[in-house]
Number of protein chains: 2
Amino acid sequence: MLDRPVTYDTPPADLNLRQNNFSAGPGALPTEVLEEVRDDFPVFAGLGASIVEVSHRSGAYTEIHERAKSRLASLLGLGDDWHVLFLQGGASMQFHQVPLNLMPRGGTVSYLDTGSWSAKAIKEAEIVARDRDGTVTVAASSRDADYTYIPRPSEWTVDPEAAYLHFTSNNTIYGTQFHEEPICDVPLVCDMSSDFLSRPIDPKKYGLIYAGAQKNIGPAGVTAVLVRDDVLQSRAEGLPTMLDYGTHAAKLFNTPPVFAIYIVDKVLGWVERQGGLKGMVERNEAKVSRLYGALDASDFYRPTVREDSRSHMNVTFRLPNEDLEARFIQDAAREGLLALKGYRTVGGVRASIYNAVEPRSVELLVEFMRRFEAAYG
Amino acid sequence: MLDRPVTYDTPPADLNLRQNNFSAGPGALPTEVLEEVRDDFPVFAGLGASIVEVSHRSGAYTEIHERAKSRLASLLGLGDDWHVLFLQGGASMQFHQVPLNLMPRGGTVSYLDTGSWSAKAIKEAEIVARDRDGTVTVAASSRDADYTYIPRPSEWTVDPEAAYLHFTSNNTIYGTQFHEEPICDVPLVCDMSSDFLSRPIDPKKYGLIYAGAQKNIGPAGVTAVLVRDDVLQSRAEGLPTMLDYGTHAAKLFNTPPVFAIYIVDKVLGWVERQGGLKGMVERNEAKVSRLYGALDASDFYRPTVREDSRSHMNVTFRLPNEDLEARFIQDAAREGLLALKGYRTVGGVRASIYNAVEPRSVELLVEFMRRFEAAYG
């Protein structure tokens, strides 16, 4: 491998300025939101203290918390029969909390296995099933092909008696995504962490949606959990208080992760200003077609995922060899195109183009790809 | 009640500047820490992005995370046989997670009941006991006197077979605090949320310590859990992955609450610069003696707690009547002495003087109390 980049002779990007951030998560947030954060420290105007130093029962924080909930419900088009919760522990905690609440004693739950996160969710459901005499069925799996595709509905076997069908709408590691909601007769439970608010959804198809904030809607430390009231009412009884969705649906039970929710509220405001989820999907589709278009127009870059399953959030591809991949990632970083390394267990290149990633960042990446191919292709 | 304050004729404090924050939690943080936060947004120098937009596996974040762990262990004098974990869900989640991990099947655990938080911890232990054929015993309780004192060790009955004795070292709502570690032959488990790092402790007496960050060490959203290795090794098997302390002791399992830990690291650095826990207790004792001294020198203000049980973090007192209390709280706020209202279920006045509250804020409060008494006493 060469020691020095040869694709350009410009000075390296200034990392004391904001650059083009393709991190898979925690991911990029809108610059204007982070400028507002800066202006709210060390004192939040009118509070005499910062927002992280006041009671979570105070008027100032309550306004933020309630606005974030109502913005989220409004953006997704949730009716009054939905509860919006802001919980802690990430999607990993939901892997446990979902079956703990929703798996009936002696009952069945069903999972679509489309990647590492799905597999972890299945493992946690099996731990709950052990104590409930329950059964966890896998309706379909793409593990046989290293999770490089989303199984087609015709390939699924969903138990019609299942309490729910769980799926991971977007798979950050492998770069796959569901492009239609699964069709089935049982309530859908979705881990939407990595494509949450990136496009409109049809809430009627879902019973419960959860999403760690740190991809599209905020920093790590808060998980949005949306649960339809009839699903909530069907939950198990006698649960530990903090793990019972009912606790949090009834009231703000304990101190929430204030800073994370304060950012989420600001990001939701930003999404509204972009035209809501309709505006968001238009913005995202433009980035998607630009980037996959560049990949498809080249024999040098090779997308890793079956075409119908390509993620619009995490674009994964390979170069002719691993040395070139390492060089690509290093040279790109030098130009301020950051965090393009693929997940540690799969390698290759991954460009995460979450909501907040600017179209201009994708333009710069495509232009860099062209130059890199010209030099090494 | 009078409509307008008569104790002064100065203009109201400017709430666009930092004032004197006596919030019971989330509580005051050091101004210099929050100024550093401001300077780290929207870009963290050298990263090309803010700290909440980069991978939790990145070098930049790993350095912060590991430094926070090692600072915490060093400040508390923990040996190599301790694990430092940063978890989510607050003390409320630990109320469940502690017995889930540490209550043996058919075994006993023991609790000291000194306030609302202790009572909630006992309730969660009883939920775990139901599935484990376990027993929860209450070694002592001060509920009979509205939790206005800490029961003396001679009044306790700790089951010698108990897996642990749980206590709440400081009770924010009632303003009581243990001034010596409980003496017993079973490992101590302590909810230290509201006096964590306010004074040195003797780690040898503890098996597990937990503390929600939002009083003395950071913002809401992270809970420090310190667990001695032999206690960790004694935990139950087959637990849900996220609730198993072993998961987090083994490695950084999932995305941690990055921002909260980033602040904790900075606050720990600040504690170090104040001379560690020895410096901290000196600073706190000076505030404590100034404020209780003023209360004891007056017949107008009446402390609510038995003298040997007074909290050095949350100073609770009453005025001759509720109208005067409301006036006191309102007039104080006008002068920039903020958040002095007692907990909603107990009323009265509560001045929380956590680590970061400046001695000068206590001086201003004492001086205001003198003027208020002169006007209304």
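The structure displayed is predicted, hence computed values, not measured ones. Only this structure's heavy atoms are used, side chains among them; waters, hydrogens and symmetry mates stay out. By convention in this document, chain letters (A, B, ...) are assigned in the order of the sequence lines, proteins followed by strands, and residues within each chain are numbered from 1.
B/Asn171 contributes no side-chain N or O that, together with a main-chain N or O of B/Ile173, makes up a donor-acceptor pair within less than 3.5 Å. Side-chain atoms of A/Arg105 never come within 3.5 Å of backbone atoms of A/Ala236 as a donor-acceptor pair (strictly under, hydrogens ignored). Judged purely by atom type and a 3.5 angstrom limit, A/Arg360 has no side-chain atom pairing as donor or acceptor with the backbone of A/Asn20. Using a distance-only test at 3.5 Å, with no hydrogens or angles considered, no donor-acceptor pair links the side chain of A/Arg235 to the main chain of A/Tyr245. The main-chain N or O of B/Arg57 is found under 3.5 Å from a side-chain atom of B/Ser55 such that the two form a donor-acceptor pair. Between the side chain of B/Gln214 and the backbone N or O of B/Gly221, no donor-acceptor pair lies under 3.5 Å. Of the possible polar contacts, one joining the B/Gln88 side chain to the A/Gly89 backbone as a donor-acceptor pair under 3.5 Å is found. Under a 3.5 Å cut-off, the side chain of B/Tyr354 and the backbone N or O of B/Ala24 do form a donor-acceptor pair. Without hydrogens or angle criteria, A/Asn21 side chain to B/Ala49 main chain gives no donor-acceptor distance under 3.5 Å.
Interface remark: A/Glu124 contributes side-chain atoms only to the contact with chain B (heavy atom separation under 4.5 Å). Only the backbone of A/Leu239 comes within less than 4.5 Å of a heavy atom of chain B; no side-chain atom from C-beta onward does. B/Leu87 does not touch chain A: none of its heavy atoms, backbone or side chain, sits under 4.5 Å away. Contacts of B/Leu15 with chain A are made by both backbone and side-chain atoms, with heavy-atom separations under 4.5 Å. Of the atoms belonging to A/Ala260, not a single heavy atom falls under 4.5 Å from chain B. Proximity to chain A is absent for every atom of B/Tyr61, based on heavy atoms less than 4.5 angstrom apart. Looking at A/Phe95, there are no atoms closer than 4.5 Å to chain B (heavy atoms on both sides), in backbone or side chain. For A/His96, the part lying under 4.5 angstrom from a heavy atom of chain B is the side chain only.
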Dump the intermediate steps for salt bridge (Lys or Arg N to Asp or Glu O under 4.0 Å) on B/Asp191 and B/Lys120, then the final yes or no.
CA-CA 12 Å; B/Asp191 175 359; B/Lys120 288 186 182 196; over 6 Å; no

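With respect to chain B, the highest number of heavy-atom pairs below 4.5 Å among A/Glu36, A/Lys123, A/Arg130, A/Glu32 belongs to A/Arg130. Looking only at heavy-atom pairs under 4.5 Å with chain B, the residue among A/Ala13, A/Gly27, A/Pro256, A/Pro257 that has the most is A/Gly27. The greatest number of non-hydrogen atom pairs below 4.5 Å with chain B, out of A/Gly25, A/Gly90, A/Ala91, A/Ala213, is found for A/Gly25. No other option in B/Val37, B/Leu100, B/Thr241 has as many heavy-atom pairs under 4.5 Å with chain A as B/Thr241. Each of A/Ser92, A/Ala45, A/Ser23 has some count of heavy-atom pairs under 4.5 Å with chain B, and the biggest count is that of A/Ser92. Between chain B and the options A/Pro219, A/Pro42, A/Ala220, heavy-atom pairs under 4.5 Å are most frequent for A/Pro42. Among B/Ile127, B/Val258, B/Ile263, B/Val222, the residue making the largest number of heavy-atom pairs under 4.5 Å with chain A is B/Ile127. In terms of heavy-atom pairs under 4.5 angstrom with chain B, the leader among A/Asp14, A/Asp40, A/Leu243, A/Asp131 is A/Leu243.
Among the residues in residues 336-345 of chain A, those with a non-hydrogen atom closer than 4.5 angstrom to a non-hydrogen atom of chain B are A/Leu338, A/Arg344.
At a threshold of 4.5 Å between non-hydrogen side-chain atoms, the residues B/Arg350 and B/Phe22 do not count as touching. Proximity of A/Leu268 to A/Val264: side-chain heavy atoms (C-beta onward) are separated by under 4.5 Å at one or more points.
In this structure, a donor-acceptor pair under 3.5 Å is present between the side chains of B/Ser118 and B/Thr168.
For B/Glu53 and A/Arg18, the salt-bridge test passes: some basic side-chain N is under 4.0 Å from an acidic carboxylate O.
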